[in-house]
Amino acid sequence: MSILVCGPKSWWFCKSLSQSLGLNGIEAESKRFPDGELYVRLPVDTRGEDVIIAQSMPPNQTESLWELLLMVDAAVNMRSRRITVFAPYIAYSRQDRVFLEGEPISIKVLLQSLSLAGASRLVTIDIHKPASLSYFRGTARNVIPAKTFCELLKRTVGEAIVIAPDKGAIDRANMVGRECGWRTDYLEKTRDRITGEISMKPKKLNVRGENIVIFDDIISSGGTVSRAAEILYEDGAETVYVAAAHALMTDGAIHRITRSGVKKIIAANTLPPKEGVEYIDVSREASEHLE
Ligand code: R5P
């Protein structure tokens, strides 16, 4: 039996996670000192116990991460047996290589820091590139909540084609497609050599008259999925839906996506709820990997 600690950035999912795990989640104490420094405390004796620390990494990402590192250290100081971090959204995952000379590999720094702090197991939801998890020096599990997504998508859409907005997202689209028994495809981005304009085309499928679910890991500005929706409508798609694991939804994202004709935005509850997004609860699927 583990002790579940609900970090300050878990308030919107920790209750249902507690229920899924059959545990009584204990809320970590947290505050900010007048000079801006953060303080956390685990109000439970974890000596000799397995501990699960639940904390996502919404903006302000640095604050979320720092609170998490402090909670892991607090669990180490109490001589906990095994420390598992459940971080449904891992920030900085898109800076996973040096794109321009002089850049850091941010996700490497983040995951190595978690290991150094004392976490030995990590469970997350649909990280941008699963290969990045090799920077974590313990056991790491990436959960794609295809089953939960598919249940809601079938109820909402009926039948559809799942389309990844670029080739990099095809694996997650395939998992959802396989679960629902739907076809999948991805958009190929091309750039006009003279005008510089970007166009996207489904690789092999004709989308005319079809319902489409654009499936991606992250929606931030909404630029990627709204451009994809416009292209799919131009190609004759009937109705376009958007589903993603992480709805960051920065300013204007909802408006941008709605304006492109997207009928509904569905996301996993890995980040704090935003208006205009319908959420699926991934606690049950995640909890299977936390036992
Ligand atoms: C990029 O590689 C990611 O998978 C997402 O497609 C991207 O982060 C979405 O960002 P935005 O909503 O700002 O277009």
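When a ligand or atom number is given, it counts from 1 through the structure's own listing order.
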Engineer: Should the heavy atoms of other residues, nucleotides or ligands under 6.0 Å from CH2 of W66 be counted, would the total exceed 12?
Structural biologist: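 Atom CH2 in W66 is not crowded, with 12 or fewer foreign heavy atoms closer than 6.0 Å.
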
Engineer: Hey, what do you get for CD (E238) to CG (L232), rounding to the nearest 0.5 Å?
Structural biologist: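 Atom-to-atom, E238:CD and L232:CG are 13.0 Å apart.
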
Engineer: In ligand 1, which numbered atoms sit nearer than 4.0 Å to a non-hydrogen atom of D217?
Structural biologist: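 Answer, ordered by atom number: 3 (C), 4 (O), 5 (C).
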
Engineer: N/O of I219 under 3.5 Å from N/O of ligand 1, yes or no?
Structural biologist: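 No: no nitrogen or oxygen of I219 is under 3.5 Å from one in ligand 1.
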
Engineer: Could you tell me the separation between the OH atom of Y92 and the CZ atom of R94, rounded to the nearest 0.5 Å?
Structural biologist: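 Answer for the OH-CZ pair, Y92 versus R94, is 11.0 Å.
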
Engineer: Which protein heavy atom lies closest to atom 7 (C) of ligand 1, and at what distance to 0.1 Å?
Structural biologist: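 The closest heavy atom on the protein side is I218 O, 3.9 Å.
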
Engineer: Check if G222 has a non-hydrogen atom at a distance under 4.0 Å from any atom of ligand 1.
Structural biologist: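 Heavy atoms of G222 do come under 4.0 Å of ligand 1.
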
Engineer: Take atom CD in E37; do more than 12 heavy atoms of anything else shown fall under 6.0 Å from it?
Structural biologist: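 No.
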
Engineer: Would you call K264-E278 a salt bridge at under 4.0 Å N-O?
Structural biologist: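 Yes, this pair counts.
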
Engineer: Is there a polar contact between ligand 1 and D166, counting only N or O atoms under 3.5 Å apart?
Structural biologist: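 In this structure, D166 places no N or O atom under 3.5 Å from an N or O of ligand 1.
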
Engineer: Students often mix this up, so state it plainly: with edges at 30° and 60°, are the rings of Y39 and F33 parallel, tilted or perpendicular?
Structural biologist: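 Judged by the thresholds at 30° and 60°, the geometry between Y39 and F33 is perpendicular.
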
Engineer: Counting from 1, what ligand 1 atoms have a heavy atom of H128 closer than 4.0 Å?
Structural biologist: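 Going through ligand 1 atom by atom, the ones under 4.0 Å from H128 are 1 (C), 2 (O), 3 (C), 4 (O).
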
Engineer: Would you call R32-E63 a salt bridge at under 4.0 Å N-O?
Structural biologist: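 A salt bridge is present here (some side-chain N lies under 4.0 Å from a carboxylate O).
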
Engineer: Considering only the protein, which heavy-atom contact is closest to atom 13 (O) of ligand 1, and what is its distance?
Structural biologist: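 The protein heavy atom lying closest is S221 OG, 2.6 Å.
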
Engineer: Hey, which atoms in ligand 1 end up nearer than 4.0 Å to a heavy atom of R94?
Structural biologist: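 The atoms of ligand 1 under 4.0 Å from a heavy atom of R94 are 8 (O).
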
Engineer: For T224, counting its heavy atoms only, list the atoms of ligand 1 lying under 4.0 Å from any of them.
Structural biologist: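 Checking each atom against T224, I get 6 (O), 9 (C), 10 (O), 11 (P), 14 (O).
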
Engineer: Counting non-hydrogen protein atoms only, what is the nearest one to atom 5 (C) of ligand 1? Give residue, atom name and distance.
Structural biologist: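 Protein heavy atom with the smallest distance to atom 5 (C) of ligand 1: D216 OD2, 3.4 Å.
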
